[in-house]
Amino acid sequence: MDKIIATKKDRNDNTIILLKYSKGKRNFRKQNFAGINLSGLSLIDIDLSETDLSCANLENCDLKGANLSKSCLKGSNLKGCNLSGAILNEADLSYGNLNHVNLTKARCKKTNFYRSHISSANLQNSYFSEANLVATSLNKSDLSYGNFQKANVKIFDSSIVKN
């Protein structure tokens with residue numbers, strides 16, 4: 001299996017992934033794509049498990065059925081992303097922007113969403129068992145039929161903080 005090495009020059013350029021993906025490659029496991037810009041791309045069924053995508057721009061990306069398990073997406077922008085049917089088990093999405101994201105039927109077991117923004121999102125039929133949703137904004141999100149068994153959903157209320 002050939003290993004992709006993303007240099008600092010390539011991190012803001014999606015050419016490497018797009019070229020290999022268009023030729024049929026789907027396995028991009030265990031790569032370092034921190035800070036990469038993949039906004040607006042269609043990467044259906046891609047395998048980015050155990051990949052560093054911290055601070056990546058994935059806005060409006062189509063990641064339907066993608067495997068992002070055990071990946072680091074800390075501080076990433078996933079606004080408007082299609083993650084329906086995606087596998088996000090044990091991934092770190094803390095401090096991320098997931099506003100308007102589609103997480104229908106996504107698997108998010110033990111996923112870390114600490115201090116993430118998930119407003120106006122579709123979480124229908126998703127699996128959030130044992131997920132960390134502490135201080136996560138879920139305003140106007142559809143949680144219908146979601147499984148939140150053993151999830152940590154403590155809400156941080158800034159109005160009770162004394163100065």
Side-chain angles (χ1 to χ4, degrees), residues 1-128 131-133 135-142 146:
M1 174 173 81
D2 56 332
K3 186 146 176 125
I4 297 171
I5 300 171
T7 65
K8 286 181 182 178
K9 176 181 174 277
D10 297 323
R11 293 235 164 93
N12 293 322
D13 182 6
N14 58 31
T15 308
I16 294 171
I17 291 177
L18 192 57
L19 180 65
K20 292 188 181 253
Y21 184 89
S22 68
K23 291 182 178 179
K25 181 176 174 79
R26 296 294 179 267
N27 186 347
F28 295 89
R29 296 183 74 229
K30 297 183 179 182
Q31 303 299 314
N32 180 0
F33 293 133
I36 197 165
N37 182 4
L38 299 174
S39 62
L41 293 182
S42 179
L43 301 169
I44 297 170
D45 294 326
I46 194 167
D47 184 354
L48 292 165
S49 57
E50 300 179 68
T51 295
D52 184 356
L53 290 159
S54 55
C55 299
N57 184 5
L58 302 166
E59 187 171 354
N60 296 316
C61 200
D62 189 355
L63 295 168
K64 183 178 181 180
N67 185 353
L68 293 157
S69 58
K70 296 184 180 179
S71 289
C72 178
L73 291 129
K74 189 173 186 174
S76 291
N77 179 13
L78 291 105
K79 183 179 179 182
C81 205
N82 180 10
L83 289 162
S84 61
I87 304 166
L88 296 154
N89 296 334
E90 299 181 52
D92 184 357
L93 288 105
S94 58
Y95 302 97
N97 178 356
L98 288 91
N99 292 331
H100 304 282
V101 73
N102 180 1
L103 280 164
T104 305
K105 297 183 180 178
R107 289 178 271 171
C108 303
K109 184 176 182 179
K110 296 183 180 178
T111 302
N112 184 13
F113 291 100
Y114 178 76
R115 289 201 180 264
S116 291
H117 297 278
I118 313 177
S119 297
S120 301
N122 186 350
L123 309 177
Q124 291 181 348
N125 296 300
S126 293
Y127 187 77
F128 284 86
N132 179 11
L133 295 157
T136 298
S137 169
L138 293 166
N139 297 334
K140 300 180 183 175
S141 291
D142 187 346

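All of these numbers come straight from a predicted model, not from anything done at the bench.
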Nearest-0.5 Å distance, [atom1] of residue [X] to [atom2] of residue [Y]:
X: N60; Y: L78; atom1: CG; atom2: CG; value: 10.5 Å
X: D62; Y: I46; atom1: CG; atom2: CD1; value: 11.0 Å
X: N37; Y: I17; atom1: CG; atom2: CD1; value: 10.5 Å
X: L58; Y: N97; atom1: CG; atom2: CG; value: 11.0 Å
X: I87; Y: S69; atom1: CD1; atom2: OG; value: 6.5 Å
X: Y127; Y: N89; atom1: OH; atom2: CG; value: 8.5 Å

Shortest non-hydrogen separation from [X] to [Y] and the atoms involved:
X: L38; Y: C61; value: O-SG, 3.5 Å
X: Y95; Y: K74; value: CD1-CE, 3.9 Å
X: A121; Y: L98; value: CB-O, 4.1 Å
X: C108; Y: L88; value: SG-CD1, 3.8 Å
X: Q124; Y: D142; value: NE2-OD2, 2.5 Å
X: S76; Y: A56; value: OG-N, 3.1 Å

I want to check something: taking the side chain as every heavy atom from C-beta on, are [X] and [Y] in contact at a cut-off of under 4.5 Å?
X: L43; Y: F28; answer: no
X: S120; Y: N99; answer: no
X: L93; Y: I118; answer: no
X: L138; Y: L123; answer: yes
X: Y21; Y: D45; answer: no

- Query: Can a salt bridge be assigned to the pair E50 and R29 using a cut-off of 4.0 Å between side-chain N and carboxylate O?
  - Reply: yes
Got a donor-acceptor contact below 3.5 angstrom from the [X] side chain to the [Y] backbone?
X: K25; Y: N27; result: yes
X: T51; Y: S49; result: yes
X: S137; Y: H117; result: no
X: S116; Y: G96; result: yes

- Can D47 and R26 be said to form a side-chain contact (heavy atoms from CB on, under 4.5 Å), step by step? CA-CA 6 Å; D47 184 354; R26 296 294 179 267; 5.6 Å; no
- Task: Kindly indicate, with the supporting measurements, whether the criterion side-chain contact (heavy atoms from CB on, under 4.5 Å) is fulfilled by I36 and I16.
- Result: CA-CA 11 Å; I36 197 165; I16 294 171; over 6 Å; no
